[in-house]
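Each remark here refers to the structure printed beneath this line.
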Protein chains: 2
Amino acid sequence: MVTLKDVAREAGVSPKTVSRVVNDDPAVNGKTREAVAAIIRRMHYVPDHAARMMRMSHSAVVGLMTDAVATTPYSVDLVRGTQSGLREQSRTMLIANTDGDPQQEQEYWRMFRAHKVAGVVYATMYHRPVDLGAPDFERGIVLANCYSARRSHPSVVPDDEGGGYTQARHLIELGHRRIGIVSLSPVLRATLLRGAGYRTAFAEGGLVYDPSLDVPGFVTRPDGGEDIVAYDAALTLLRRADRPTAIICGNDQIAMQIYAAAATLGLSVPDDLSVMGFDDMTVITCTLKPMLTSVALPYFDIGRAAVDILSRVNGETEGPVTPQVLVPCPLVVRQSCRQLV
Amino acid sequence: MVTLKDVAREAGVSPKTVSRVVNDDPAVNGKTREAVAAIIRRMHYVPDHAARMMRMSHSAVVGLMTDAVATTPYSVDLVRGTQSGLREQSRTMLIANTDGDPQQEQEYWRMFRAHKVAGVVYATMYHRPVDLGAPDFERGIVLANCYSARRSHPSVVPDDEGGGYTQARHLIELGHRRIGIVSLSPVLRATLLRGAGYRTAFAEGGLVYDPSLDVPGFVTRPDGGEDIVAYDAALTLLRRADRPTAIICGNDQIAMQIYAAAATLGLSVPDDLSVMGFDDMTVITCTLKPMLTSVALPYFDIGRAAVDILSRVNGETEGPVTPQVLVPCPLVVRQSCRQLV
DNA sequence: TCAGGTTGTGACACCGATGTCAACATGGCG
DNA sequence: CGCCATGTTGACATCGGTGTCACAACCTGA
């Protein structure tokens with residue numbers, strides 16, 4: 001390990017002066033600065049994070065605590081967004097994945113304290129309320145994709161209601177009047193919120209909401225897992241005499257099964273049936289034929305926004321700390337929805 | 001911050017004794033130990049990671065450097081596996097995502113040095129050779145999903161050749177004699193290796209390898225991106241008079257398009273056509289109707305193995321340091337391949 | 001009873017950086 | 001010429017732990 005002292009000795013100055021150069025302290029003579037900087041480069045000196053942190057009493061690392069988000073394909077973008085935001089602050093990220101186990105979570109809170117992380121982004125896989133207990137933790141905490149029922153921490157969540165509205169609105173604008181819905185599991189908050197969005201759009205467009213056209217595409221097994229039943233649900237919907245001309249899906253996987261059901265019945269997407277996805281998982285949306293129009297779940301932006309709020313909570317950045325940030329879910333138009341004449 | 005000294009004062013012992021209790025040093029009287037432990041709990045004392053690290057000169061954190069692996073749905077399992085392995089060693093993980101940018105990578109190497117990480121797992125999105133340059137970094141480095149052309153670091157890679165063999169072998173055992181292949185981009189190492197696996201299995205089964213049945217499902221655009229063309233490729237294959245009874249896919253996305261092509265031609269999977277995926281992305285494999293038989297890319301195991309090797313490289317664990325570990329790609333049988341009579 | 005060993009504990013220096021404050025050189029001004 | 005402002009640098013203490021070594025108290029066996 002090359003240390004500050006080594007550099008100082010080599011440069012014939014005091015350690016403090018080297019420290020000044022490293023930290024861009026203006027109170028250093030130009031000549032001295034360059035001489036020292038040259039030696040730093042030559043010796044590959046890298047300041048010791050631990051020592052610095054000890055002296056400064058907080059670190060340039062932010063903790064990311066997740067239940068499973070970091071490890072499911074659904075929402076890795078949240079990790080990317082968080083990292084991207086941190087990079088701009090020259091910070092890095094310590095990842096803790098609890099798998100939903102409270103004991104692991106406890107451990108990781110201790111770990112974060114031990115590391116004196118500058119703050120924590122607490123993210124969940126599903127948009128849902130959380131109760132953090134009292135993780136005696138002094139620095140800022142921001143919730144991502146979840147929110148505190150007791151409003152104890154600021155949160156950043158996707159605008160599911162707006163997303164639902166966007167899905168329905170787009171189809172209505174294309175002239176669809178009979179629109180089926182194959183939703184996520186009814187227990188999810190997202191389902192509830194998007195439902196509200198559909199109704200608003202329907203009302204605006206003068207459509208009546210028909211509950212018989214609104215069916216779940218996932219069912220919960222007794223063991224807590226989920227089974228996708230969108231294929232069968234779609235078959236039922238599409239065999240009706242008054243079958244819908246368009247189907248709104250709770251996610252892109254459901255859309256995949258809708259495509260399959262349509263194929264089974266000899267219906268063409270989008271000629272006979274328009275399909276609207278949700279999540280915008282490109283692995284699916286860009287692989288389906290025709291490519292799937294979807295509404296993106298803005299995980300990347302959620303991550304970035306969370307980091308942003310975090311630095312405000314900690315007072316490192318100017319700006320108000322809003323208790324909840326709603327991140328919009330943008331429409332991504334591809335080829336699966338057609339204009340009705 | 002509660003410090004060691006605070007606890008010591010409260011307990012009426014020296015800081016060193018508290019330190020001993022924290023570190024399970026046996027040279028502490030039982031009574032003293034319990035008294036101190038009680039106070040530690042009461043005061044919520046958590047040892048300062050930075051101070052400890054400074055004194056001990058290495059940390060309990062391992063760096064995970066990735067080009068994009070941490071942030072693509074394909075391989076998050078690698079992150080999970082790494083974490084799982086580290087957890088058993090009571091370690092944690094600092095994540096660095098370079099997006100393939102050498103400058104960012106340079107920065108992150110510095111960052112890892114500054115953090116004195118105990119080692120680095122260097123993972124890539126695609127199975128490929130890498131050249132690390134000379135990241136003057138003293139601690140162990142293990143490559144995951146990639147390997148050093150100059151054999152300068154141990155690596156853990158998927159057994160693509162074995163995976164290809166498994167795909168072909170399974171279909172041959174089911175009685176298929178005409179097998180089409182829709183592969184990944186030919187520039188990928190995986191494509192090459194799996195091709196070798198196919199041939200071995202074909203030879204063993206007495207089949208002749210017919211190049212006209214082996215077509216790429218992805219093409220590289222001039223801008224470097226990739227377009228999936230498996231649908232069209234499959235249509236061509238399936239319109240032949242002597243159409244194959246089974247198709248081996250380079251990944252599960254390709255399989256999705258094969259399903260679509262089959263549906264277009266009125267062919268049923270698996271009655272008229274068996275389809276074999278690769279990767280085992282459950283988002284796809286369990287959503288397709290019928291569910292897709294695939295060969296799993298064992299990212300989780302690769303992550304775990306990498307951590308394992310890393311602790312050997314650093315001499316923390318007994319065991320040989322093998323220059324390259326091949327992790328098998330297991331067959332996951334579902335409903336898309338049928339036994340021919 | 002005493003030499004020699006074991007156990008339990010504390011004093012102190014040190015890891016590598018930075019904040020504080022003092023010291024020194026320089027130059028301008030009355 | 002004396003004095004103060006300004007610019008530049010270094011000595012030293014300090015952050016929170018742990019390694020080293022000394023030391024006291026207690027045991028053991030001759």
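Heavy atoms only: backbone and side chains are in, while hydrogens, waters and symmetry mates are out. Proteins come first, then strands; the chains are lettered A, B, ... in the order of their sequence lines, and each starts at number 1.
- If you take NZ of B/Lys31 and P of D/dA25, they are 18 Å apart, rounded to a whole angstrom.
- B/Arg52 meets the salt bridge (Lys or Arg N to Asp or Glu O under 4.0 Å) test with no other residue; sequence neighbours excluded.
- A/Gln103 and A/Tyr108 are not linked by any side-chain donor-acceptor pair at a separation below 3.5 angstrom, with hydrogens and angles left out of the test.
- Within residues 36-43 of chain B, no residue has any heavy atom closer than 4.0 Å to DNA chain D.
- Ring geometry for A/His127 against A/Tyr147 counts as perpendicular: the plane angle is over 60°, on a 0 to 90° scale with 30° as the lower cut.
- For B/Arg110, the side chain to side chain donor-acceptor pair (under 3.5 Å) test picks out no residue, with sequence neighbours left out.
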Is there any protein nitrogen or oxygen under 3.5 Å from a nitrogen or oxygen in nucleotides 24-26 of chain C, and what are the pairs?
none

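- B/Val327 places none of its side-chain heavy atoms less than 4.5 Å from the side chain of B/Asp159.
- Scored by the salt bridge (Lys or Arg N to Asp or Glu O under 4.0 Å) test, A/Glu88 finds A/Arg304 as partners (sequence neighbours excluded).
- Here C/dG16 presents its P atom at 14 Å from CE of B/Met56, a figure rounded to the nearest Å.
- At a threshold of 4.5 Å between non-hydrogen side-chain atoms, the residues A/His115 and A/Ser59 do not count as touching.
- Rounded to whole Å, atom P of C/dG16 lies 11 Å from atom CZ of A/Arg9.
- The salt bridge (Lys or Arg N to Asp or Glu O under 4.0 Å) test applied to A/Arg128 returns A/Asp67, not counting sequence neighbours.
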Using distance only, find each side-chain donor-acceptor pair of residues 39-49 of chain A under 3.5 Å and give its atom names and separation, not counting sequence neighbours.
unit_1	atom_1	unit_2	atom_2	d
A/Asp48	OD1	A/Ala50	N	2.6
A/Asp48	OD1	A/Ala51	N	2.9
A/Asp48	OD2	B/Lys116	NZ	2.2

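- Every residue meeting the side chain to side chain donor-acceptor pair (under 3.5 Å) condition with B/Ser155, not counting sequence neighbours, appears here in chain and number order: B/Gln324.
- The end-to-end axis angle of the helix from C/dG5-D/dC26 to C/dG30-D/dC1, rounded to 10 degrees and based on five pairs per end, is 60°.
- Contacts of B/Asp301 classified as salt bridge (Lys or Arg N to Asp or Glu O under 4.0 Å), with partners at least two apart in sequence or in another chain: none.
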Protein-to-nucleotide contact annotation, 5' to 3' order, nucleotides 6-16 of chain D [B base; S sugar-phosphate only; - none; under 4.0 Å, heavy atom]: --SBBB-BBBB
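- Protein atom CG of A/Asp6 is 8 Å distant from nucleotide atom P of C/dG16, rounded to whole Å.
- Two residues are said to be in side-chain contact when any heavy atoms from C-beta on lie closer than 4.5 Å; B/Val157 and B/Ile302 fail this criterion.
- One atom, CZ of B/Arg113, and another, P of C/dG16, lie 14 Å apart when rounded to the nearest Å.
- The separation between A/Asp25 atom CG and C/dA17 atom C1' is 14 Å, rounded to whole Å.
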Side-chain polar contacts of residues 1-8 of chain B - donor-acceptor pairs under 3.5 angstrom, sequence neighbours left out - could you list them?
unit_1	atom_1	unit_2	atom_2	d
B/Thr3	OG1	B/Lys5	N	3.2
B/Thr3	OG1	B/Asp6	N	3.4
B/Thr3	OG1	B/Asp6	OD2	3.4
B/Asp6	OD1	B/Arg9	NH2	3.4
B/Asp6	OD2	B/Thr3	N	2.8

